[in-house]
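Remarks on the structure that follows.
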Number of protein chains: 2
Amino acid sequence: MQPFPDSLTHLMRHVLKQHRREVDRLIHEYEVYPGQPPVLFRLCEQDGLSQRELAQRVRLTPATLTVMLTRMEKTGLVERRPDDRDQRISRVYMTAKGRAALDAVGGAIRSVEQRAFAGFLPEEQLLLRRLLMQMQHNLDTPDSLADE
Amino acid sequence: MQPFPDSLTHLMRHVLKQHRREVDRLIHEYEVYPGQPPVLFRLCEQDGLSQRELAQRVRLTPATLTVMLTRMEKTGLVERRPDDRDQRISRVYMTAKGRAALDAVGGAIRSVEQRAFAGFLPEEQLLLRRLLMQMQHNLDTPDSLADE
DNA sequence: CGTAATTAGTTAGTCAGCTAACATTAATGT
DNA sequence: ACATTAATGTTAGCTGACTAACTAATTACG
């Protein structure tokens with residue numbers, strides 16, 4: 001009857017909140033804020049993306065990213081430079097400070113991950129991934145035929 | 001090496017974001033906003049909680065709840081009344097409109113849940129719950145002995 | 001060409017969530 | 001009885017995220 005209090009997504013949300021808080025607690029001394037790690041990781045893999053490309057890859061709207069990059073530029077993690085062919089585009093590059101911060105952040109995230117999955121068997125992790133991917137797929141498909 | 005892009009928590013976060021967006025899309029016509037359903041559900045179970053009690057049960061800080069309740073009072077979902085013994089306390093009650101909205105919201109959430117878990121076997125759902133609860137427990141314990 | 005449609009990014013406004021600092025009221029302790 | 005401490009809720013200020021409306025630059029098309 002009452003779907004919420006012990007629904008799986010509710011539980012998931014709570015677990016993620018704990019996770020995020022832990023990571024945040026560990027990284028905010030490097031002037032990296034909660035939403036920023038994905039951006040740093042993407043840039044580490046590939047520097048000089050346009051904001052649009054970057055936004056798509058980290059699944060944020062361009063508007064969100066604009067604000068976030070402005071802050072990250074202010075703390076010196078990241079740098080914007082205009083594209084020299086297309087003047088609408090501004091490309092995002094990581095600074096030395098950004099790279100340094102990323103190392104620390106990576107460590108922090110790994111340690112929280114380890115704690116979160118302590119005692120998990122490898123096949124449990126695989127199964128969890130499979131279930132999550134199925135959820136992702138279910139939610140991606142528009143709606144139609146919800147339960148077949 | 002790079003822990004983030006395909007970590008389980010990253011995947012989880014993405015799935016939850018999809019879920020929240022879907023629910024939000026369905027409920028915002030009832031003037032219920034994304035963070036509010038848990039509050040409504042709690043109040044439905046037990047009316048007249050103090051803000052502190054309510055905040056603990058939905059795991060929000062009192063500050064967050066204050067702002068949220070102010071908005072919910074403005075849209076008429078909820079009502080604050082002072083306690084008559086302790087003047088520091090204000091108790092929160094659901095209005096008729098709140099109850100009506102909750103019905104619609106409950107339906108919306110159930111439908112998204114159904115879609116999210118389409119094709120899941122009952123034992124898969126149980127397993128998922130077990131894994132999430134283990135994560136919750138892992139993250140609750142301070143830190144110490146992370147990987148034993 | 002030159003105007004219209006598209007694309008990139010920004011700005012404004014809203015909601016969610018947090019911490020820290022502040023009244024105000026109640027409970028305690030000497 | 002009075003001063004101190006604790007508890008409740010609010011305010012201010014921050015980050016994150018979104019949509020919608022805007023500006024500026026580029027493409028496309030008649």
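Numbered from 1 within each chain, the chains take letters A, B, ... in sequence-line order.
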What integer distance in Å separates [X]:[atom1] from [N]:[atom2]?
X	N	atom1	atom2	answer
B:Glu31	C:dT14	CD	P	15 Å
A:Asp24	C:dT19	CG	P	9 Å
B:Leu65	C:dG17	CG	P	10 Å
A:Gln18	C:dG17	CD	C1'	16 Å

So that I can tick it off, tell me whether B:Glu31 and B:Lys97 are bridged by a salt bridge, with the cut-off set at under 4.0 angstrom between side-chain N and carboxylate O.
yes
Salt bridge or not between A:Arg110 and A:Glu113? Use side-chain N to carboxylate O under 4.0 Å.
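Salt bridge: no.
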Sequence neighbours left out, what passes side chain to side chain contact (heavy atoms under 4.5 Å, CB included) with [X]? Give chain and number order.
X	value
A:Pro34	A:Arg20, A:Asp24
A:Gln136	A:Arg59, A:Met133, A:Asp140, B:Leu11, B:His14, B:Val15, B:Gln18
B:Leu126	none
B:Ser50	B:Arg52, B:Glu53, B:Ile89, B:Arg91

Identify, with sequence neighbours excluded, every residue that meets ring pair (Phe, Tyr, Trp, His ring centres under 6.0 Å) alongside B:Phe120.
B:Phe117
Under a 4.0 Å heavy-atom cutoff, the residues of residues 66-85 of chain B touching DNA chain D are B:Thr66, B:Arg80
Contact list please: residues 52-62 of chain B against DNA chain D, heavy atoms, distance less than 4.0 Å, in numerical order.
B:Arg52, B:Pro62
Partners passing salt bridge (Lys or Arg N to Asp or Glu O under 4.0 Å) against A:Lys17 (at least two apart in sequence or in another chain)
none
On DNA chain D, reading 5' to 3', which nucleotide is the first and which the last to sit with an atom under 4.0 Å from a heavy atom of chain A, could you check?
D:dT15 to D:dT26
Partners meeting side chain to side chain donor-acceptor pair (under 3.5 Å) with [X] (sequence neighbours left out):
X	result
B:Arg130	A:Glu124
B:Thr70	B:Arg80
B:Gln134	none

Using a cut-off of strictly less than 4.0 Å, decide whether B:Gln36 has a side-chain nitrogen or oxygen near OP1 or OP2 of C:dC15.
no
OP1 or OP2 of C:dT10 under 4.0 Å from side-chain N/O of A:Gln51
yes
Which sits closer to the 5' end of DNA chain C, A:Ile89 or A:Lys17, going by the nucleotide each is nearest to?
A:Ile89
I want to confirm an ordering. Mapping A:Arg91 and A:Arg21 to their closest nucleotides on DNA chain C, which one lands closer to the 5' end?
A:Arg91
